[in-house]
Amino acid sequence: MSRELLLRIWRGDASGGDLVDFVVPVEEGEVVLDAVHKTQALHAGDLAVRWNFKAGKCGSCSAEINGHPRLMCMTRLSSLPSGPVTITPLRTFPVIRDLVTDVSFNYEKARQVPAFSPRPEQPVAPFIMYQQDVERSQEFRKCIECWLCQDVCHVIRDHEENKPHYSGPRFFIRWAELDMHPNDGLDRKEALQDTQGLGYCNVTKCCTEVCPEGIKITDNAIIPMKERVVDAKYDPLVRFARRRLRRARGTASSATSQGPGHG
Amino acid sequence: MPEDSGGYESHHYDVVVIGAGGAGLRAAIAAHDAGARTALVCKSLLGKAHTVMAEGGIAAALGNLWPEDNWQVHFRDTMRGGKLLNNWRMAELHAKEAPQRVYELEQWGALFDRTPDGKISQRDFGGHRYARLAHVGDRTGLEMIRTLQQRAVALGIDVFMELTITDLLKDGARVAGAFGYWRESGRFVVFEAPAVVLATGGIGKSWRVTSNSWEYTGDGHALALRAGATLINMEFVQFHPTGMVWPPAVKGLLVTESVRGDGGVLLNSQGKRFMFDYIPEFFKAETADTVEEADAWYTDKRNNRRPPELLPRDEVARAINSEVKSGRGSPHGGVYLDIASRRSPEFIKRRLPSMYHQFMELAGVDITKEPMEIAPTCHYVMGGVEVDPDTQMSVVPGLFAAGEVAGGMHGANRLGGNSLSDLLVFGKRAGDHAASYVQALGHQRPQVDAQALSAASEVALAPFAGGHGSENPYGVHQDLQVVMQDLVGIIRTEHELKEALDKLSGLRARSGALAVEGNRQYNPGWHLALDLRNMLLVSESVARAALERQESRGGHTRDDYPMSDPYWGTQNVVVKLDGHDLRVERQPLPKPPPELAQLLEEGH
Ligand code: SF4
Ligand code: SF4
Ligand code: FES
């Protein structure tokens, strides 16, 4: 059952680097991260990689596998086409070393989020809140902060210049989560548009496609937030996206009709 | 402001918290709120700590589903689950304060699952008399860490990510700070601080089959020992009964206890629900002894007793072990955990979404259609730094410990759900008391000694010194895992423990000859070489304590002493470092006052 696998792993640092070939033995059921660990143990003890639990829950092991942003611990080798497996670091963030990138961009954006702030009607926990009202925000709180959606978003993927004024899909869902929190009392919509760059997103949905948690980033957060921010008729992209969404669902009632001004 | 002096970057704080899981974050928030200049240091990125993996929930007697629940019942369950070896005062504080700590999370934005009347929902778990665990699906730990992380960020607490502490610094008997390196650059960092809170979690990475991540190398336990603190209860290691066994790449990965809480049962290869054969005397009165009663419990908890699958973890893990040993195991050396035949696919996907996902993605098993194959996995260490139950301070002034790295709270066995609450309750206490300790010092602050700094940097750089060594850290680590797995596992004997100690001393010698390639910049081989020093010290502590305790109790089972012994029920095993050698001593366990002792009686 054991076979030899050819890995091409990007090695280098901020000053540059290259793909390096390694051959490791792999077994049934193994994932890409197993092959990387074997490379460390057998060939390159100093190969830099982040990971924590190897269970798809910490969001540490993100990389680009054959060019696709994925979690290395959730990508089974058997799911990849035969032939060599190429592993490169996330492209949107500066490389530190090998597969490890500098993701401090995300921690900066996290600091800009105004904290949850309870409504004056229910200022002190325990709060009374109902399951159907917390569910929408709960979806966004599943986020494991793997930064794959940030990596894939074209607004910053090859546009360093957009980073200062664009927080990216992970933070759009964070803002949306607070906005949809049944007991949050702040109005964040304008700040989201003005300071976080929501308007730059043109709803390509690449973020939703890579999210390992299956969070519907665009349909359930970005589009409703865009709708809440501006009236749909001034933003043709929203109308377009909504039409597509409805077609996809085959129904006229969708998450997009929940914003104020659409009820 | 960081300043550079002789190759070190140095920082000054009142309180340095090491570890940014639930306990560390809560401690840092508390210390900050109490006015202390606080730094939070962690080996990984923020938000990746082990707390994320806790699935089931936070145990707290909120009484939202069962008004009869209260701190007294929670206290009783915790102590009985811990085989009465818990520090009673910690168990009391924990049971009393857990509800406030949960509400605090809600105040900071956590979104727990709700009851129909809009309160925090609570779920059943092993060893808890009432449905008591506040939860969010099966990702409660993630919710907790995000809430705390977001709170810490909103408060502007200084966080040092991907920084490993290798040694504590002292001034005489007192703590004076901590020494470490940035993982990214390998550059050394000195924290001058009169109070240090250890919140480093556990030690599971020394076993082969484990649910723990690479971070779980017993750093805090080892730092404490080297700084002169004592460890208690190190022989008690919890093997979670349900870890994945197949495919080999995921062996040990946790399968949440909620599967059983939500109706899952354990079956052997003959399809028998074997847990009915393993109900111990101690829990007979509260455990169903027929399938009918056990099944009826899920819908009518008032008139039926709990299914035996929900006995405390040590009982279930031992039962599984014995079924497998008797030849009634599954093809890959486990038993079956079946929820597919007992609950609808919709129910399973709604209540256990991560488990559904985990088995589908990693094993190709649809848990709504097939049973899971599971076996015990090394999960948690009950033992840890001996602390004052109220302040969490160790015997070393200025050194505090909270969460898994602290000992006493869980006695011989921890109940599921009591870990997250432990992190919150004692994290807060440690942070509060660390801040007030520093305040009380006034101007009598300890000084860092320059010699200690150069000693610490020498130790850290040893693996690069090369020349005299050729040992590969990955190889030594693998061998250590085999020793601990095979000789210091669920079932122990004197003979095997002695063999383990022999082998550990061999590994210690080999670890003196470690050599790593590359440079100091983000070098996992070097990082592992330094972590190994801690793993070896802590593994030896476990083996020595396990050899000392000649009885079976909770997370410590001796084949040569299969029964609990009333004498040992009154003793803690204490481990400390004496020069380079570990010493083991016995110490009488504090006795609870009569009004609490009476809560512990059978049937209360
Ligand atoms: S939908 Fe928007 S946020 Fe998502 S990847 Fe596309 S542009 Fe980026
Ligand atoms: S939203 Fe999804 S893809 Fe983005 S960081 Fe969170 S888990 Fe990762
Ligand atoms: S190691 Fe945690 S997500 Fe892959």
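Per chain, numbering begins at 1; letters A, B, ... match sequence-line order.
No other option in Gln40(A), Met74(A), Glu213(A) has as many heavy-atom pairs under 4.5 Å with chain B as Gln40(A). Chain A forms the most heavy-atom pairs under 4.5 Å with one residue out of Lys119(B), Gln521(B), Glu361(B), and that residue is Gln521(B). The residue among Pro126(A), Cys58(A), Pro182(A) with the most heavy atom pairs within less than 4.5 Å of chain B is Pro126(A). In terms of non-hydrogen atom pairs under 4.5 Å with chain B, the most contact-rich of Phe116(A), Tyr130(A), Phe53(A), Trp51(A) is Phe53(A). When each of Tyr216(B), Trp526(B), Tyr103(B) is checked for heavy-atom pairs under 4.5 Å with chain A, Tyr103(B) comes out on top. The residue among Asn472(B), Val52(B), Leu45(B), Val153(B) with the most heavy atom pairs within less than 4.5 Å of chain A is Leu45(B). Highest contact tally toward chain A, considering only Gly137(B), Ala249(B), Gly118(B), Ala110(B), is held by Gly118(B) [criterion: heavy-atom pairs under 4.5 Å]. Note: Asp117(B) leads Val159(B), Asp117(B), Leu105(B) in heavy-atom pairs under 4.5 Å with chain A. Highest contact tally toward chain A, considering only Gly47(B), Pro473(B), Gly525(B), Gly109(B), is held by Gly109(B) [criterion: heavy-atom pairs under 4.5 Å]. By number of non-hydrogen pairs under 4.5 angstrom with chain B, the leading residue of Val124(A), Leu33(A), Val31(A) is Val124(A). Options Gly59(A), Ala115(A), Ala110(A) differ in how many heavy-atom pairs under 4.5 Å they form with chain B, and the most are formed by Gly59(A).
A side-chain N or O of Asp113(B) and one of Gln138(A) form a donor-acceptor pair less than 3.5 Å apart. Checked by atom type, the side-chain pair Gln112(A)/Glu108(A) shows no donor-acceptor distance below 3.5 Å. Looking at Asp138(B) and Ser354(B), their side chains do bring a donor and an acceptor atom within 3.5 Å of each other. Thr115(B) and Asn64(B) share no side-chain donor-acceptor pair at under 3.5 Å. No hydrogens or angles considered: nothing links the side chains of Lys48(B) and Ser213(B) as a donor-acceptor pair under 3.5 Å. A donor atom on one side chain and an acceptor atom on the other are not found under 3.5 Å apart for Gln150(A) and Glu145(A). Between the side chains of Ser44(B) and Asn52(A), at least one donor N or O lies within less than 3.5 Å of an accepting N or O.
Taking the six-membered ring wherever Trp is involved, the centroid distance between the rings of Phe171(A) and Phe140(A) does not fall below 6.0 Å. With ring centers used as reference points, Phe359(B) lies 6.0 Å or more from Trp246(B). A ring-centre distance under 6.0 Å is not found for Phe112(B) and His135(B).
Salt bridge present: Arg114(B) and Glu106(B) bring a charged side-chain N and a carboxylate O closer than 4.0 Å. Using a 4.0 Å cut-off between a side-chain N of Lys or Arg and a carboxylate O of Asp or Glu, Lys43(B) and Asp531(B) qualify as a salt bridge. With respect to the salt-bridge test (charged N to carboxylate O, under 4.0 angstrom), the residues Lys38(A) and Glu30(A) qualify. Ion pair Lys189(A)/Asp179(A) flagged as a salt bridge, since at least one NZ, NE, NH1 or NH2 atom sits closer than 4.0 Å to an Asp/Glu carboxylate oxygen.
The backbone N or O of His379(B) lies less than 3.5 Å from a partner atom in the side chain of Asn212(B), making a donor-acceptor pair. A distance-only check finds a donor-acceptor pair linking the side chain of Tyr107(A) to the backbone of Leu46(B) [under 3.5 Å]. A donor-acceptor contact shorter than 3.5 Å links the side chain of Arg520(B) to the backbone of Gly186(B).
For chain A, no part of His527(B) is nearby; none of its heavy atoms comes within less than 4.5 Å. Neither the backbone nor the side chain of Pro99(B) comes within contact range of chain A; no heavy atom of the residue lies under 4.5 Å from a heavy atom of that chain. Neither the backbone nor the side chain of Val516(B) has a heavy atom closer than 4.5 Å to any heavy atom of chain A. For Met161(B), the part lying near chain A is the side chain, with the backbone staying farther off; criterion is any non-hydrogen pair under 4.5 Å. Contacts between Glu104(B) and chain A at a heavy-atom distance below 4.5 Å are absent for every atom of the residue. The contact between Trp108(B) and chain A is made entirely by backbone atoms, counting heavy-atom distances below 4.5 Å. With a threshold of 4.5 angstrom between heavy atoms, Arg141(A) approaches chain B through its backbone and through its side chain. Proximity to chain B involves both the backbone and the side chain of Val134(A), based on heavy atoms less than 4.5 angstrom apart. Contacts between Arg97(A) and chain B at a heavy-atom distance below 4.5 Å involve the side chain alone, from C-beta outward. For Leu253(B), the part sitting under 4.5 Å from any heavy atom of chain A is the side chain, from C-beta outward, and nothing else.
The aromatic rings of Phe93(A) and Phe105(A) lie tilted to each other, with the angle between the two planes from 30° to 60°.
Legend: residues meeting side-chain contact (heavy atoms from CB on, under 4.5 Å) with Pro123(A), ordered by chain and number and at least two apart, are absent.
Interface with chain B: from residues 4-22 of chain A, residues Asp13(A) qualify, criterion being any non-hydrogen pair under 4.5 Å. Interface with chain A: from residues 141-148 of chain B, residues Leu142(B), Glu143(B), Arg146(B), Thr147(B) qualify, criterion being any non-hydrogen pair under 4.5 Å.
Within the structure, salt bridge (Lys or Arg N to Asp or Glu O under 4.0 Å) pairs that include any residue of residues 54-65 of chain A comprise Asp34(A)-Lys54(A), Lys57(A)-Glu55(B), Glu64(A)-Arg157(A) (at least two apart or interchain).
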